[in-house]
J.: 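Just passing along the structure, written as structure tokens.
None of these values were measured; they are calculated from a predicted model.
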Amino acid sequence: MTHWLILPIVLPAFIAPFIILAARYHITIQRVLSLFGALALVAVGLGLSVEASGGDVMLYRLSDWAAPFGIVLVGDRLSTLMVTLTAVLALFVLLYVIGSKWDERGRHFHALFQFQLMGIMGAFLTGDLFNLFVFFEVLLIASYGLMIHAGGTPRLRAGVQYVLYNLLGSTLFLFALGAIYAETGTLNMADLAQRVALIDTGATVGIRIAAVLLLMVFAVKAAVVPLHFWLPSSYAEAPGPVAALFAIMTKVGAYAIIRVYTLIFPPDLAATADLHTTWLLPAALLSLALGMIGVLAAKQLDRMVAFSVIGSMGMVMISIALFTPEGIAAALYYIVHSTLAAGALFLIADLARAGRDNLDLTAQPQVAGAKLTSALFFVAAIAMVGVPPLSGFLGKLLIMDAAAENDYWVWIWAVILGASLLSLVGFGRAGSMVFWKSRSVALQEGATPAEAPSALSYVAVGGLLALLVAHTLLAGPATQYATAISNQLFGPERYLSTVLETPGKLSDGKEEAH
């Protein structure tokens, strides 16, 4: 199974150029290849997750060069979970793309889609910071092409804004990598974890600056306030299926923070002590509050969903900023929930566009397929708002419980509860304007409803919502697995020993040789 670790990267990397070179003008072949790739990624992701579920850490050495000198891919519980989540989301988004025929509006959609998956999968599996930067750039280039797919001045303007902000993040990333390499002489994560711990307490200025720069870079990717300005317009103007796939993009930033600040800069490291409390927690609280204020104030349905993504990332970052095993476990449960919920909402917003000139929250002609679309919106809105009985409610309870021992728990609880009320009002207003008042206008004016979306489009959205329901029903096993991931992150001995191929200490005190 270790050699399977490179497949999530290699598979889309081969499919994308083949589509460009051999199937550029054959949309059916493109769809078959892309769908085959997505199904294969789901299968590989599940297989890797099963392999890692027992606590094993998988290692793939490119060209058989050992770390820290060679490039390595590492698969543990966290990385395989994120790979599987990405593959599942990509599969349902692809089904929607085929059902709605979004891919017919440009020749290179499927190739860009595969390159995007390659970048995301590489970011989750890489074992060194430089290649994390490389995969960030791969997914940035592919996401820009997807964002401006089918053209249009507003979409192009939002795409340029998106690229500029992310290029700024990339520049900061290079500065941070330079500072880290100057201080330690390595960029391999496992090697860094050992070398940073040995830095003398009187010579930690450089490594602390690097840690702050990395936090800023990952905050840009995660759209944390005040580095979130690129997200609302970019996600709202992007094609619906593309925005749905982008639901996992902000989680790349969250993943990077979890990985780097539990492995390289753990909470007990003197050089970067309290960095998360000083900077990340206040920013996370602001992200949640401003995101849900944006939900309440938004005048378009797609823009409202984009602001809900900022709010949900605020929830995730609050839990991560606690940097306790309970907080990370709660964040992981909520990451799965918010990815599925945001993806479904972006697809539903695209469904609601059928038969309408725009997605303004005003009385307009009836939405095509209004009954089924409104029912799907109702379920997805409940999930995103976090009211019972779906997984959003359980995720918020887990985060609030994890924050109960924090010194700022009163502020955390107040912001979470207040933001939940704002989002409830915002989504309720949007649903009534799009699906209820639009129906009355259509009846009064005698408008003829547009043709309903295809059955495959509804299957894709329904599949994501079904996974949300499953995430709720299986909350017990899901939280247990999230706790196991968290414990592995806070006890990285097996990760270090596997990557550096040295004997490691297990939890029972016995040595393990690799």
J.: Does Leu468 form a side-chain contact (heavy atoms from CB on, under 4.5 Å) with His337? I'd like the steps, not just the answer.
T.: CA-CA 7 Å; Leu468 277 173; His337 152 79; 3.7 Å; yes
J.: Hey, does Ile320 have a side-chain heavy atom less than 4.5 Å from the side chain of Ile328?
T.: yes
J.: Side-chain contact test, heavy atoms from C-beta onward, threshold under 4.5 Å: evaluate it for Met313 versus Ser338 and give yes or no.
T.: no
J.: With a 4.5 Å limit on heavy-atom distance, are the side chains of Met292 and Leu296 in contact?
T.: no
J.: Can you confirm whether Val57 sits close enough to Gln488 that some side-chain heavy atom of one is under 4.5 Å from a side-chain heavy atom of the other?
T.: yes
J.: Is there a side-chain contact (heavy atoms from CB on, under 4.5 Å) between His149 and Trp102 once you walk through the steps?
T.: CA-CA 9 Å; His149 179 73; Trp102 256 106; 4.1 Å; yes
J.: Is it true that the side chains of Asp350 and Tyr96 contain a donor and an acceptor less than 3.5 Å apart?
T.: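 The answer is yes; a qualifying pair exists.
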J.: Indicate the atoms forming the closest heavy-atom contact of Thr80 with Asp76, along with that distance.
T.: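 Heavy atoms of Thr80 and Asp76 come nearest at OG1-O, 2.7 Å.
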J.: If you look at every heavy atom in Lys221 and Trp230, which pair is closest and at what distance?
T.: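 That would be O-CZ2, 3.9 Å.
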J.: Calculate, to the nearest 0.5 Å, the distance between atoms OG1 and CZ belonging to Thr373 and Phe378 respectively.
T.: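 Between Thr373 OG1 and Phe378 CZ, I get 15.0 Å after rounding to 0.5 Å.
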J.: Once you round to the nearest 0.5 Å, how far does OG of Ser319 lie from CE of Met400?
T.: 12.0 Å
J.: Is the closest side-chain donor-acceptor distance between Ser391 and His471 under 3.5 Å?
T.: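 Judged by distance alone, the side chains do not pair up.
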J.: To the closest 0.5 Å, what do you measure between CD1 (Ile416) and CG (Leu288)?
T.: 6.5 Å
J.: Distance alone, cut at 3.5 Å: any donor-acceptor contact between the side chains of Ser234 and Gln161?
T.: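 Absent: no donor and acceptor within the cut-off.
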J.: For Tyr333 and Thr479, which heavy atoms make the closest approach, and how far apart are they?
T.: CD1-CG2, 3.9 Å
J.: Just verifying a value: how many Å separate Leu245 CG and Ile120 CD1, rounded to the nearest 0.5 Å?
T.: 5.0 Å
J.: Is the closest side-chain heavy-atom distance between Phe427 and Ser308 below 4.5 Å?
T.: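 Sidechains of Ser308 and Phe427: in contact.
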J.: Would you say that more than 12 heavy atoms from the other residues, nucleotides or ligands in this model lie under 6.0 Å from the CZ of Arg107, or not?
T.: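 Atom CZ in Arg107 is not packed in, count stays at 12 or less.
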J.: Which heavy-atom pair separates Tyr60 from Leu5 by the least distance, and what is that distance?
T.: N-CD2, 3.9 Å
J.: Side chains of Arg303 and Glu237: closer than 4.5 Å at any heavy-atom pair?
T.: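 Side chain of Arg303 against side chain of Glu237, heavy atoms only: no contact under 4.5 Å found.
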J.: Measuring from Leu376:CG to Leu351:CG, what's the distance to the nearest 0.5 Å?
T.: 7.5 Å
J.: Does one side chain, of Tyr162 or Ser143, offer a donor that lies under 3.5 Å from an acceptor on the other?
T.: yes
J.: Is there side-chain contact between Ser420 and Lys396, with heavy atoms separated by less than 4.5 Å?
T.: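 Yes; the side chains approach each other to less than 4.5 Å.
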J.: Are any side-chain N or O atoms of Ser486 and backbone N or O atoms of Thr483, one a donor and one an acceptor, separated by less than 3.5 Å?
T.: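 No.
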J.: For a 4.5 angstrom cut-off between non-hydrogen side-chain atoms, does Tyr255 reach Phe218?
T.: no
J.: CG of Leu11 to CZ of Phe36: how many Å apart, nearest 0.5 Å?
T.: 6.0 Å
J.: Measure across Leu48 and Pro8 and return the closest heavy-atom pair with its distance rounded to 0.1 Å.
T.: CD1-CG, 4.0 Å
J.: What are the two closest non-hydrogen atoms of Val309 and Ala342, and how far apart are they?
T.: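 Here Val309 and Ala342 meet closest at CG2-CB, 4.0 Å.
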J.: After noting the C-alpha distance and the side-chain angles of Phe113 and His110, does the key distance pass the ring pair (Phe, Tyr, Trp, His ring centres under 6.0 Å) rule?
T.: CA-CA 5 Å; Phe113 191 89; His110 289 284; 7.1 Å; no
